[in-house]
Amino acid sequence: MLGPVLLAASRSDRLRRVVAAAPVTRPVVDRFVAGDALHPAMDTVHTLTAGGLDVTLDHLGEDVTDRATARHTRDAYLRLLETLALAGLGDRAEVSVKLSAFGQALPDGGHDVALENVRAVAELATATGTTVTLDMEDHTTVDSTLAVLHELRRDHPGTGAVLQSYLFRTEDDARGLATAGSRVRLVKGAYKEPAHVAFQDRRAVDRAYVRALRVLFEGDGYPMVGSHDPRMIAIAQDLAARGRRAPGSYEFQMLYGIRTAEQRRLAAAGERMRIYVPYGADWYGYFMRRLAERPANLAFFLRSFAPSR
Ligand SMILES: Cc1cc2nc3c(=O)[nH]c(=O)nc-3n(C[C@H](O)[C@H](O)[C@H](O)COP(=O)(O)OP(=O)(O)OC[C@H]3O[C@@H](n4cnc5c(N)ncnc54)[C@H](O)[C@@H]3O)c2cc1C
């Protein structure tokens, strides 16, 4: 019940101001966000990679409403890629982008603005030996995001896609994307979606996840299993074993701060494990989606407001 309320709150500017200004919020945010700026986030990158984990970095931001801010997003990613190149991690550190932060929703030609901005990021990623993955946002953006993906893949075939199992369309999209070299992160989906486009029942979302997982593992692409769910992880491992997939022909991905012992366990067992590391000042939408996923997180957040005794 609380999930949809929190997802609606994640798009409220009024609540954003209240939550962001509350002095007790920061320690709770720090559990999910690796700092307000690139340099503290790089400390996290070094710690994770030294522990055998790979990373994908997200410079937080979404729903940009003017061209100048979209260009700032592009420039922040260019600085990030330059910093990663200096760290010499190659494709152990890639980047994840939200096209809404690159101008996708601008009323006049937003799709083309986002494509132009993200192309510059993909070019630098290729030049520095790494990749970009296009995060997937709400269902109204899927066609535009997949069109940008196809355009970028002409010159940058390593560009990654994200599919959300809660959408009815995803099994078909997975079939279309299960081609040689195609990097596809499969997730359950984190937005509030209407019943005419998405499964509303968690079990139906899980079953759809397994169906899409099977398509990806049986295809020729590079599946990226974006889930903390132990059942999805076990099924992916089983599909990998049955398909005799070599280590390194697929990977697991989890979010920074969530199930960290399991992240280390999978890496120690020889799996490729990549951590999604968000950083930056615009953490509100990302943080609220993490609260929505798990009521216990909300309780933890609310407890931080209680006066200490
Ligand atoms: C690497 C990565 C990238 C992602 N990118 C996108 C994207 O581009 N677009 C998109 O819509 N969604 C994205 N997501 C979010 C995703 O859609 C889900 O909302 C999220 O992963 C929770 O689903 P789950 O598969 O972990 O399963 P769930 O059934 O939700 O969770 C399984 C278990 O994982 C743990 N867990 C899950 N979430 C949390 C949490 N917030 N806090 C604490 N514990 C938790 C709990 O133990 C829970 O029981 C991404 C997720 C990952 C891991």
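Atoms within each ligand, like the ligands themselves, are counted from 1 in listed order. Computed over heavy atoms, backbone and side chain alike; hydrogens, waters and symmetry mates excluded.
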Please report which non-hydrogen protein atom sits nearest to [atom], along with the residue it belongs to and the distance in Å to one decimal place.
{"atom": "atom 20 (C) of ligand 1", "value": "Glu293 OE2, 3.4 Å"}
{"atom": "atom 25 (O) of ligand 1", "value": "Ser227 OG, 2.7 Å"}
{"atom": "atom 1 (C) of ligand 1", "value": "Gln253 CB, 3.5 Å"}
{"atom": "atom 44 (N) of ligand 1", "value": "Arg294 CD, 3.2 Å"}

Between [options], flag the one that comes closest to [atom] by a heavy atom.
{"atom": "atom 21 (O) of ligand 1", "options": "Glu137, Met224, His228, Arg289", "result": "His228"}
{"atom": "atom 45 (C) of ligand 1", "options": "Val225, Ile258, Leu255", "result": "Ile258"}
{"atom": "atom 42 (N) of ligand 1", "options": "Asn297, Leu167, Thr56, Asp229", "result": "Asn297"}
{"atom": "atom 12 (N) of ligand 1", "options": "Gly3, Ser165, Ala190", "result": "Ala190"}
{"atom": "atom 16 (C) of ligand 1", "options": "Val97, Val205, Val187, Ile275", "result": "Val187"}

Region of Lys188 that comes within reach of ligand 1 [heavy atoms, distance under 4.0 Å]: both
contact_flag Arg202 ligand 1 heavy-atom lt 4.0 Å: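 Arg202: in contact with ligand 1 (<4.0 Å).
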Proximity flag Arg31 to ligand 1, non-hydrogen atoms under 4.0 Å: yes
[Y] and [X] side chains, donor-acceptor separation under 3.5 Å:
{"X": "Thr141", "Y": "Asp138", "answer": "no"}
{"X": "Thr56", "Y": "Glu94", "answer": "yes"}
{"X": "Ser165", "Y": "Arg207", "answer": "no"}

Against heavy atoms of [X], which atoms of ligand 1 measure under 4.0 Å?
{"X": "Tyr191", "result": "11 (O)"}
{"X": "Gln164", "result": "9 (N), 10 (C), 11 (O)"}
{"X": "Met254", "result": "53 (C)"}
{"X": "Tyr276", "result": "1 (C), 3 (C)"}
{"X": "Asp135", "result": "8 (O)"}

Salt bridge flag under 4.0 Å for residues Glu62 and Arg289: yes
Pairing of Arg242 and Asp238 as salt bridge, 4.0 angstrom limit: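 A salt bridge is present here (some side-chain N lies under 4.0 Å from a carboxylate O).
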Would you say [X] and ligand 1 have an N/O pair spaced under 3.5 Å apart?
{"X": "Gly189", "answer": "yes"}
{"X": "Arg185", "answer": "yes"}
{"X": "Met136", "answer": "yes"}

Arg185 CZ to Ser227 OG distance, which is reported to the nearest 0.5 Å: 12.0 Å
Six-ring centre of Tyr286, Arg290 cation under 6.0 angstrom, axis tolerance 45°: yes
Over all atoms of both residues, closest heavy-atom pair of Leu149 and Gly160: CD1-O, 3.6 Å
Does the ring centre of [Y] sit less than 6.0 Å away from the ring centre of [X]?
{"X": "Tyr166", "Y": "Tyr191", "answer": "no"}
{"X": "Tyr276", "Y": "Tyr256", "answer": "no"}
{"X": "Tyr250", "Y": "Tyr222", "answer": "no"}

Protein contact for atom 31 (O) of ligand 1 (heavy atom, distance under 4.0 Å):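 Within 4.0 Å of atom 31 (O) of ligand 1, no protein heavy atoms are found.
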Non-hydrogen protein atom less than 4.0 angstrom from atom 34 (O) of ligand 1: yes
Counting only pairs under 3.5 Å, give me each side-chain donor-acceptor contact of residues 39-53, with atom names and distances, residues two or more places apart or in other chains.
residue: Thr47; atom: OG1; partner: Asp43; partner atom: O; Å: 2.9
residue: Thr49; atom: OG1; partner: Val45; partner atom: O; Å: 2.8
residue: Thr49; atom: OG1; partner: His46; partner atom: O; Å: 3.3

Over 12 foreign heavy atoms within 6.0 Å of CG, Asp108: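 It does not: Asp108 CG has 12 such atoms or fewer within range.
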